[in-house]
Amino acid sequence: MADRVACKQNRQARAFVAALVFLVIAVFVLNLPDHPHAFSAKAFLHLPIEVPILGLALVLLPARLARLLAMLATLALGIVLFLRLGDIGVQSAFQRPFNPYLDLRIFADGWNVFSGAVGALGAGLAVALTILAFLAVLAVFFRAASALARLSGRAEKTAGFGFAALLALGIVLWGTGAATGTRAYADAGSSVYIVHRVEAVARSVKDMQLFDQSLAGDDPAAETDSLFSAVKGRDVVLIFIESYGRSAIEDPLYAPLIDPRLGAIEQELTKAGFATASGWSRSPTMGGLSWLAHGTFLSGLWVDNQARYDRLMISGRKSLNRLFHENGWRTAAVMPAITMDWPESAYYGYETIFAAKDLGYKGKPFNWVTMPDQYTLSAFDRLVRHDGDPRPVMAEIALISSHAPWTPVPTLIDWADVGDGSVFDAQATSGDPPAVVWADRERVQRQYIGTIDYALQTVGDYIARFGDDGVFIVLGDHQPAPIITGPDASRDVPVHIISRDRNLVERFETEWFTPGMIPAADEPDPTMDTMRDRVIRFFSGVED
């Protein structure tokens, strides 16, 4: 008799533990915020109605159906957990929700940045532990749900009564919140979350169809008469500065360093005979995915996700580079971040591509950054602008010293000493490693703005010394991650037009550009896809 009582008590205890584990995991996952700034104890004081409904179904359904439901519920919970974690990561980096249809490539790019910041070993361990924790949560949940599905007798009735009472409480809380207009401490928001994600994927599919129509449509700008006649015979150089965003100029943390730097560059350029004008442009991305900004600027189409970019790469839409090539310019890409095959380059129409291995750098890398910007510009001047080919150059350059992890911060040296880059070895091995820098947010911010200051100084000094009669477009590709800008920063980047042809520069001033190197705060911020047509019009002498 005593054994029977003990056995019954054990069953009751196991049922209670199973129900408790089931509730804790389900409520935690379904209440997990989808934004890193939404974490608080209050966020978890909420009952998803789906949880007691699922618990009742597991207890009351026939055993076979209940076990199948336990499997489906675990799968659904895993999907929600994956989406929530994806939201947290993507919101942290790009300030937008995670879209599984568009963002799967982000995991590979995230690995590159993360491993560059903390090292491949540390990043690998972190990823492995995350995956194991993810699977462990689902395994424990499945075991608890399966235990509920096997309940019988008094344990089954007790669990059923408990879930029914919890459901009733949830309905009351939901109704009370709706009636009073206050926060609802219970609702069916998890189901709505899944529905919204399905709708987002459906919208993305439709968006791809519309984008395909844009790719197949007419391109009036490419048919402009006397294309690029206003810059005929001159080098045209497009320089993207990594992570150079509006915050670098306007954020009180960074303006005291960058505004004087831009003022000094303006004075240096003016003394060398250059005119300057600056404005804002809204980038299609932030925190990373620089190629989306490159594709947007050069195609004249809004490329704000990887799916659009992939479609663009196989389209017949002519890039700005290709148009220059067709009109007599020698096109080149200087890409120090490219260390592997780059099949997408075929779209742009470069005549010559200088990836990291082609630039002849013999110095040590600056962590993830393969070479400092000064060496990149020095190599560009030697290998492209003065290689003996008499044709003018249209070049696209990606400067990467201001790429995360922002350590060490390079410093400008005498251009005559650059040589093969080995002179930078002392700089490349100076300072603390990324793991130390990234342990302190304020230090990360200081290091970030230090690299932006270096990049701007280097570009300004290069143009003032070696710009000759070239025309330069210098802009940021995107804002840095929210750890640098805060959660509510715009997506604007500065754009600078620099040339000794004052009339050419003044054309940009007719459309939202301000004389000098600092854009006016109240100027509009047209999207980056509009820049291609503006460049074509002004460089072709076309007036509206």
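The first residue of the sequence shown is numbered 1, and numbering continues consecutively from there. These figures come from a predicted structure and were not determined experimentally.
- Trp329 places no side-chain N or O within donor-acceptor distance of the main-chain N or O of Val236, the cut-off being under 3.5 Å.
- Using a 4.5 Å heavy-atom cutoff, the side chains of Leu475 and Met531 are not in contact.
- Counting non-hydrogen atoms of other residues, nucleotides and ligands closer than 6.0 Å to CZ of Arg502 gives a total of 12 or fewer.
- Although no hydrogens or angles enter the test, the distance criterion places a donor-acceptor pair under 3.5 Å between the side chain of Asp414 and the main chain of Ala416.
- Using a cut-off of 4.0 Å between Lys/Arg side-chain N and Asp/Glu carboxylate O, Asp387 and Arg330 are scored as salt-bridged.
- Looking at Asp453, its side chain never comes within 3.5 Å of a backbone N or O of Ile449 through a donor-acceptor pair.
- A donor-acceptor contact shorter than 3.5 Å is absent between the side chain of Asp525 and the backbone of Ser281.
- Within 6.0 Å of the CG atom in Asp417, the count of heavy atoms belonging to other residues, nucleotides or ligands exceeds 12.
- Trp415 and Asp461 form a side-chain donor-acceptor contact under 3.5 Å, judged by distance and modelled atom types alone.
- Here the straight-line distance linking atom OH of Tyr254 with atom CZ of Arg246 works out to 16.0 Å at 0.5 Å rounding.
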Item checked: From CA spacing to verdict: side-chain hydrogen bond (donor to acceptor under 3.5 Å, both in side chains), Gln374, Tyr454 -> CA-CA 9 Å; Gln374 186 175 12; Tyr454 162 78; 4.6 Å; no
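- The backbone N or O of Thr407 lies less than 3.5 Å from a partner atom in the side chain of Asn367, making a donor-acceptor pair.
- Panel note: side chain His496, backbone Val474; no donor-acceptor pair is recorded below 3.5 Å.
- With no hydrogens or angles considered, no side-chain donor-acceptor pair links Ser401 and Glu242 at under 3.5 Å.
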Margin query: If you apply the rule side chain to side chain contact (heavy atoms under 4.5 Å, CB included), what do you find for Trp342 with Met335, and how did you get there?
Written below: CA-CA 10 Å; Trp342 187 29; Met335 298 290 171; 3.8 Å; yes
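- Taking the six-membered ring for Trp and thresholds of 30 and 60 degrees, Trp406 and Trp438 have nearly parallel ring planes, at less than 30 degrees apart.
- For the pair Val303 and Pro284, the minimum side-chain heavy-atom distance is 4.5 Å or more.
- The distance from atom CD1 of Ile498 to atom OG1 of Thr276, rounded to the nearest 0.5 Å, is 6.5 Å.
- The backbone N or O of Phe228 sits less than 3.5 Å from a side-chain atom of Ser540, completing a donor-acceptor pair.
- In this structure, Asp492 contributes its side chain and Gly245 its backbone to no donor-acceptor pair below 3.5 Å.
- Cation-pi geometry between Arg500 and Phe274 is met: the NZ or CZ atom falls under 6.0 Å from the ring centre, inside 45° of the normal.
- For Glu523, the side-chain contact (heavy atoms from CB on, under 4.5 Å) test picks out Trp280, Trp512, Thr514, Ala520, with sequence neighbours left out.
- Residues Ser283 and Asp477 are not in side-chain contact: their nearest non-hydrogen atoms beyond the backbone lie 4.5 Å or more apart.
- Side chains of Thr376 and Val334 form a contact here, defined as non-hydrogen atoms less than 4.5 Å apart.
- Taking both residues in full, the closest heavy atoms of Thr331 and Gly349 are given as OG1-O, 3.0 Å, listed atom of the first, atom of the second, then distance.
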Next item on the list: Tell me, with the steps shown, if Phe134 and Leu85 meet side chain to side chain contact (heavy atoms under 4.5 Å, CB included).
Entry: CA-CA 10 Å; Phe134 181 90; Leu85 294 175; 4.1 Å; yes
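- Arg317 contributes no side-chain N or O that, together with a main-chain N or O of Met313, makes up a donor-acceptor pair within less than 3.5 Å.
- Contact of the Phe424 side chain with the Pro410 side chain is not registered, since no non-hydrogen atoms from C-beta on lie closer than 4.5 Å.
- Put simply, the side chain of Ile239 does not reach to within 4.5 Å of the side chain of Ile473, judged on heavy atoms.
- Between His403 and Trp368, the ring-plane angle classifies as parallel under the 30° and 60° cut-offs.
- Residue Met517 holds its CE atom at 8.0 Å from CD1 of Ile249, rounded to the nearest 0.5 Å.
- Relative ring orientation between His294 and Phe240 is described as parallel, the plane-to-plane angle staying below 30° on a 0-90° scale split at 30° and 60°.
- Taking 4.5 Å as the limit, some side-chain heavy atom of Val471 sits within range of a side-chain heavy atom of Phe539.
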Next item on the list: List the steps and the verdict of side-chain hydrogen bond (donor to acceptor under 3.5 Å, both in side chains) for Gln479 and Ser247.
Entry: CA-CA 7 Å; Gln479 286 263 54; Ser247 295; 3.0 Å; yes
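- The closest donor-acceptor contact from the side chain of Gln427 to the backbone of Thr411 lies under 3.5 Å.
- Of all heavy-atom pairs between Ala255 and Pro260, the closest is O-CD, 3.4 Å.
- When side chains are defined from C-beta on, Asp251 does not count as touching Thr485, because their heavy atoms never get closer than 4.5 Å.
- The distance from atom CG of Asp389 to atom CD of Glu351, rounded to the nearest 0.5 Å, is 7.0 Å.
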Check: Where do Tyr375 and Tyr361 land on the ring-ring contact (aromatic ring centres under 6.0 Å, His included) test, with the steps shown first?
Finding: CA-CA 8 Å; Tyr375 181 85; Tyr361 182 65; 5.0 Å; yes
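- Under the 3.5 Å distance criterion, with hydrogens and angles disregarded, a donor-acceptor pair is assigned to the side chains of Gln306 and Asp310.
- A salt bridge links Asp432 with Arg443: the closest approach of a Lys/Arg side-chain nitrogen to an acidic carboxylate oxygen falls below 4.0 angstrom.
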Item checked: Pair Trp302-Phe211, ring-ring contact (aromatic ring centres under 6.0 Å, His included): steps then yes or no -> CA-CA 9 Å; Trp302 189 245; Phe211 186 65; over 10 Å; no
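- Side-chain atoms of Asp381 and Tyr462 include a donor-acceptor pair closer than 3.5 Å.
- There is no side-chain donor-acceptor pair under 3.5 Å between Asp501 and Ser499.
- Between Arg385 and Gly467, the closest heavy-atom pair is NH2-O, 3.2 Å.
- Expressed to the nearest 0.5 Å, how far CD of Glu511 lies from OG1 of Thr530 amounts to 8.5 Å.
- To the nearest 0.5 Å, the span separating CD1 on Ile518 from CG on Leu262 amounts to 5.0 Å.
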Note to self: Could you go through His478 and Ser290, starting from their C-alpha distance and side-chain angles, then the distance that decides it, and tell me whether this counts as side chain to side chain contact (heavy atoms under 4.5 Å, CB included)?
What the structure shows: CA-CA 7 Å; His478 54 71; Ser290 304; 3.2 Å; yes
